[in-house]
Structures are given as structure tokens and as C-alpha cells.
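Here's the structure, in C-alpha cells; my notes come after.
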Amino acid sequence: MAKISLFLGCIVPNRYPGIEKATQFCLEKLEVDVCDLPGASCCPAPGVFKSFDKATWLALASRNIVLSEKLERDILTICNGCYGSLADANIELKKDPEMRANTNSCLKRIGMEFKGTIKIRHIIEFLYKEFGPDKLKDYITRPLNLKVALHYGCHLIKPSKDRNLGETEYPVFFDELVEALGPKSVDYKDKMICCGAGGGVRSGHATESMEILKRKLACIQKVDVDCIVNACPFCHLQFDRGQLAVNEKFGTNYSIPVLHYSQLLGLALGFSPEELGILQNAVQNIGFIAKINEINE
């Protein structure tokens, strides 16, 4: 199994540190060789930097990659956006000698050089390929009797030619990892559409962002699930704090708990909601927490 360094990105340490804690707990239980990545910066965000200045995007992304190259470890991300930015930069620099030379001319100023010796992994991709649903079941101490609405997010599955995770229009790999923990992954309309946050939409076009989220939440509420599960802190932020914004703007009353997959996995491994940072969410659903505590007893 690959040795990895954990890349936190921006939102986890600043808004949802419980996701980091949950990830660390889970990786320790799974006996994965993981370390921190000192000096890491923003990935940077693929929907913004890459769109406006590709050279700057590559320089910033490659600096993060080189930090882990020096440790001789693959990078593990817990965010779709970080995964998209770092994985795409890694692939482009490996394939294009001219682009790599231009980027290394920037890195040389700070005594660094991109060599292309490591891979960029996403926690879902990593768990699916290194463990798989069947092996993961061996670690579960408390199967979760839950109904889950799963959100894949955009950068996890596309561009499909580079992700190598099977079917991209109707993927199943994430559903399989969820159901390995005990829950039922419930199908719902518009499951594969964006949460409405990415590409600067949440920041620059708040009304449109909330309208997309409202549509998605309406579809999820119709199938009566216990929680929403994602694998991206930005999607997590949109579903969690975004619910409050949607309620305020449209007069709705959504209160659907939101979990990162690391937190769902942590529950199945026996950790409490408090230990996993679930109580840090803006959406506090007392009924859900009571149900989880009952499972943990």
C-alpha cells in the first residue's frame, strides 16, 4: 500500500476541522502509513486559478506536489477541488515537457523542482482501490442502519479519461463504499448535478447557487434519508451552511444532516459524533444524533 501525506486544503482547517480529525482517526484504524504535509498551501482552486492564469495555477499546484515528492509519498486529498487541481496539474506536467520546463523555471527560484514521481489520490479513490468494499467491511465494528443520499461532486469523477473509476454518468464506486458500512445509498433525482458551489458560483452568484442547492435539497427530501454524505468540504459547506441560507431566502425548513465520508466511516469504526466533529455542523438535527448514539450503544 502506498505511503501518503495528507493534504488538508483550505476549508477543512478553517471551517470543518472535524473532517481532518475524522480522517486521521480512520486512517489510523485502517493502519495506513500517513503523515502531515508541512508547508502546504491552497491547491489552488481549479475553477478559479486555472481558468484565469494557467501558469500561476501550475506553479502553485506543483509546489505542493514537490513538498510530497521530497517525502517520497503520494498526496491524499479529502476534497474534490484539491484532488482536481493537484491531480490535473500532476498529469499535465508529466505529459508536457515544455510546460514542465516552464513551471520548473518558476520553482527554481525557491529551490524546488517538479520531478513527477508521485500520484495524487482522493480518499474515496484511495479506499476503493487500496481496500475495496469487501476488505473495508472487515474493519467495521458498528454497521450503520441508515438511509443516505450520496453526493459525488464534480472533480471526483471528471475528467473521466484521467480518473479511471469506471462509469462516470452513473458511477457506483462511492455508493459501494457507503453501503460497505451498512447504510443504504438511496437513488434520487438529480443525484449527479453540481451542488451549486463550485467554479466561483457560491461566491460570485449567490442567488443562482442557492437555487441549484434548493433544487437538489428538494430531490433529497423526497426520498426521506437520514443524512447527506459527500467527499468534499466545499460541497459539505454548501449542503450544511447552505441549507440555512436556502431556508432564509426561500422560506423552506430543511434540516438534513451532512457528513463527509470520513465521518460516516468513523461512525462505523466506533467513534462518536463528538469525536468526529459532526456536532460542528451548522445543521443540528437532534433526531439524527440520537439515532447515531443509539447505534453506538
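Being a predicted model, the structure only gives us computed values, none of them experimental.
- Here the closest heavy-atom approach between residue Ile123 and residue Ser262 is recorded as CD1-OG, 3.8 Å.
- In this structure, Asp226 does not pair ionically with Lys184, as no charged nitrogen and carboxylate oxygen lie closer than 4.0 Å.
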**Study point:** Evaluation steps, ring pair (Phe, Tyr, Trp, His ring centres under 6.0 Å), between Phe174 and Tyr128
**Key:** CA-CA 8 Å; Phe174 196 176; Tyr128 191 76; 9.9 Å; no
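- Here Arg215 pairs with Asp190 in a salt bridge; the nearest charged N to carboxylate O distance falls below 4.0 Å.
- The side-chain tip of Lys135 points at the ring of Phe131 from less than 6.0 angstrom away and within 45° of straight on.
- In this structure, a donor-acceptor pair under 3.5 Å is absent between the side chains of Asn230 and His260.
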Practice item. Go through Ser209 and Gln238 one step at a time and tell me if the side chain to side chain donor-acceptor pair (under 3.5 Å) criterion holds. Key: CA-CA 9 Å; Ser209 175; Gln238 176 78 335; 2.9 Å; yes
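- Between Phe7 and Tyr83, the distance separating the two ring centers is not shorter than 6.0 angstrom.
- Only one option out of Val178, Leu264, Val229, Val186 pairs with Leu146 in a side chain to side chain contact (heavy atoms under 4.5 Å, CB included); it is Leu264.
- In this structure, OG in Ser62 is found 8.0 Å from CE in Met112, a value given to the nearest 0.5 Å.
- For the pair Glu92 and Lys54, the salt-bridge criterion is met [side-chain N within less than 4.0 Å of a carboxylate O].
- Not a single salt bridge (Lys or Arg N to Asp or Glu O under 4.0 Å) links Lys94 to another residue, sequence neighbours left out.
- Counting only N and O atoms by type, the side chains of Gln243 and Thr252 include no donor and acceptor under 3.5 Å apart.
- For the pair Pro17/Gln280, a side-chain contact is recorded, criterion being any heavy-atom separation below 4.5 Å from C-beta on.
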**Study point:** ring pair (Phe, Tyr, Trp, His ring centres under 6.0 Å) evaluation trace for Phe239 with Phe234
**Key:** CA-CA 9 Å; Phe239 280 113; Phe234 200 29; over 10 Å; no
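- Note: Met99 CE to Phe114 CZ = 11.5 Å, rounded to the nearest 0.5 Å.
- The closest side-chain donor-acceptor pair between His236 and Asn281 falls under 3.5 angstrom.
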Practice item. For Lys216 and His151, run side chain to side chain donor-acceptor pair (under 3.5 Å): C-alpha distance rounded to whole Å, both residues' side-chain angles, the deciding distance at 0.1 Å, then the answer. Key: CA-CA 10 Å; Lys216 187 119 183 175; His151 176 73; 3.1 Å; yes
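- For the residue pair Asn80/Tyr152, the side-chain donor-acceptor check at 3.5 Å is not satisfied.
- In the displayed structure, Lys29 atom NZ is contacted under 6.0 Å by at most 12 heavy atoms of other residues, nucleotides or ligands.
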Check your understanding: Does the side chain to side chain donor-acceptor pair (under 3.5 Å) test come out yes or no for Ser5 and Ser68, once each step is laid out?
Key -> CA-CA 7 Å; Ser5 65; Ser68 203; 2.7 Å; yes
